[in-house]
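Each remark here refers to the structure printed beneath this line.
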Amino acid sequence: MSKFGAMIMGPAGAGKARSTFCAALITHLQLNRRSAFYVNLDPAAESFEHTPDLDIKELISLHDAMEEVGLGPNGGLIYCFEFLMQNLDWLTEALDSLTEEYLIIIDMPGQIELYTHIPILPTLMKYLCQPGSLDIHMAAVYLLEATFVVDRAKFFAGTLSAMSAMLMLEVPHINVLSKMDLVKGQVKKKDLKRFLTPDVGLIDDDPVERSRRLREGGGGDDDDDGDDDDESKRPDEKAQIMKGASFRRLNRAVAGLIESFSMVNYLKLDVTNEDSVAAILSHIDDCIQYHEAQDPKEPNDDEDEDQDQDQDGHE
């Protein structure tokens, strides 16, 4: 029996955005009479709007890993996932009995090491999707906060991590700009559309960089061959690095790499808007082919369900 799931991811620091989206998605599913099974795989997460049906802290917590093994936060997180991979029966026992009516929502931590440096998440994803075992039709949902668009270097760094996750996991993938409500009034709609399909032009047209260069008398045009370094300051100071020509060349190279792969496109999400959450869910359903597996309903099936519920309520 096939199962359906979505792995919710995002860069470090986006934990609140992920948990908020998971909560909004579960609420939307419940309002539309769909079942959700919420799995928390972030061993450091402590507060939830919806209590997880399965929580990795029942198996191991980040605090325990750091205290008992003497590791830091990042090392402790990797240790937790290595421990999980050695105890996959814990995951299988909880998910095996779920029917195709459920959407399994897996909330992940955001440390980039899990998506780039080590093969833990790709191995976990293959295990979840493996036919004959759990056989879950999985989609990956990568959340990037819309506030990143204000700092284009930060935006492209986040987009690079999203592309890395796409390449590593090898499953249907959706990229989402979350917290759209926070950038209303800061970014024009016309400008925001350009971020949905990132390209090098966003670096070349960065208004913040142009304003800085005008203030410093460098002209409005980028001059990557120019020397913006201030000899009176240490070359390793953050301000020097962030405004230097080499930093601009690096950002342009990253943007060029993302554009050349032409893989990353974003959907917009505002969790305060029910239609916005519904639109993301619709894309997830398309990726995992959820509706194709559901039995067709007769036109009056929903009416019968309503009547049954009303009768139960009067008894």
Side-chain angles (χ1 to χ4, degrees), residues 3-30 32 34-42 45 48-50 52-54 56 95 102-112 114-116 120-122 124-126 128-129 136-148 155 158-181 195-198 263-291:
K3 300 175 178 59
F4 300 92
M7 185 175 283
I8 314 301
M9 307 173 293
K16 182 64 176 176
R18 290 194 310 275
S19 59
T20 301
F21 171 65
C22 288
L25 188 58
I26 292 169
T27 299
H28 180 79
L29 288 166
Q30 292 174 344
N32 287 273
R34 283 181 59 178
S35 301
F37 191 88
Y38 184 25
V39 180
N40 172 54
L41 289 187
D42 185 350
F48 306 92
E49 187 172 328
H50 292 276
D53 299 292
L54 186 65
I56 192 175
L95 301 181
Y102 282 84
L103 179 63
I104 302 167
I105 300 172
I106 303 177
D107 192 358
M108 300 294 297
Q111 274 66 14
I112 192 65
L114 294 174
Y115 306 99
T116 57
I120 289 179
L121 275 196
L124 175 61
M125 184 66 85
K126 288 178 182 177
L128 294 171
C129 300
I136 305 176
H137 293 209
M138 291 294 301
V141 182
Y142 197 95
L143 298 181
L144 191 69
E145 291 187 17
T147 51
F148 277 35
F155 170 77
T159 300
L160 185 62
S161 66
M163 190 174 77
S164 175
M166 294 177 75
L167 294 170
M168 290 283 285
L169 296 179
E170 298 180 328
V171 295
H173 193 106
I174 299 170
N175 296 300
V176 178
L177 279 180
S178 66
K179 297 188 177 181
M180 291 300 300
D181 52 309
F195 288 90
L196 302 182
T197 306
M263 292 176 61
V264 182
N265 292 279
Y266 286 101
L267 301 172
K268 295 184 291 185
L269 170 66
D270 178 358
V271 294
T272 63
N273 186 321
E274 190 73 14
D275 291 337
S276 181
V277 177
I280 301 298
L281 177 60
S282 177
H283 280 86
I284 294 173
D285 286 340
D286 288 344
C287 285
I288 60 180
Q289 298 178 315
Y290 172 81
H291 292 294

In chain order, what residues pass the ring pair (Phe, Tyr, Trp, His ring centres under 6.0 Å) check against Phe195, with sequence neighbours excluded? Phe155

How about Tyr102: does its OH atom have over 12 heavy atoms from other parts shown lying under 6.0 Å from it? no

If the condition is side-chain hydrogen bond (donor to acceptor under 3.5 Å, both in side chains), which residues does Ser35 pass it with, not counting sequence neighbours? none

Closest non-hydrogen atom pair, Val271 against Phe21: CG1-CA, 4.2 Å

Donor-acceptor pairs are to be reported for all side-chain atoms of residues 273-280 against protein atoms at under 3.5 Å, with residues two or more places apart or in another chain.
residue	atom	partner	partner atom	Å
Asn273	OD1	Asp275	N	2.8
Asn273	OD1	Ser276	N	3.3
Glu274	OE2	His28	ND1	2.4
Ser276	OG	Asp270	N	2.9

First locate atom CG of Leu121, then atom CE of Met168, and finally report the distance between them rounded to the nearest 0.5 Å. 8.0 Å

Spatial distance of atom CD1 (Ile174) from atom CD1 (Ile8) [nearest 0.5 Å]: 8.5 Å

Could you measure the distance from the CG atom of Leu128 to the NE2 atom of His137? Nearest 0.5 Å is fine. 12.5 Å

Would you compute the distance between atom CZ of Arg34 and atom CG of Asn32 and round it to the nearest 0.5 angstrom? 8.0 Å

Minimal heavy-atom distance between Leu41 and Pro109, with the atoms involved, is O-CD, 3.4 Å

Test of understanding: with ring pair (Phe, Tyr, Trp, His ring centres under 6.0 Å), list the residues that count as partners of His50, not counting sequence neighbours. none

Using a 3.5 Å distance criterion without hydrogens, assess whether the side chain of Arg18 forms a donor-acceptor pair with backbone atoms of Leu143. no

Mind checking side-chain hydrogen bond (donor to acceptor under 3.5 Å, both in side chains) for Tyr266 and listing every partner two or more places apart, or none if nothing turns up? Thr159

For Ala140, all residues meeting side-chain contact (heavy atoms from CB on, under 4.5 Å), sequence neighbours excluded: Met9, Leu169, Val171, His173

Gap between atom NZ of Lys179 and atom CG of Leu269 - 0.5 Å precision: 11.0 Å

In Å, rounded to the nearest 0.5 Å, how long is the span from OH of Tyr142 to CG of Leu177? 12.0 Å

Do any N or O atoms from the side chain of Asp53 and from the backbone of Tyr38 form a donor-acceptor pair under 3.5 angstrom? yes

Among Val141, Leu196, Leu144, Val264, find the residue that satisfies the side-chain contact (heavy atoms from CB on, under 4.5 Å) test when tested with Asn175. Val264

Would a distance-only check, ignoring hydrogens and angles, find a side-chain to backbone donor-acceptor pair under 3.5 Å from Thr27 to Ala23? yes

Minimal heavy-atom distance between Met138 and Met7, with the atoms involved, is CE-N, 3.7 Å

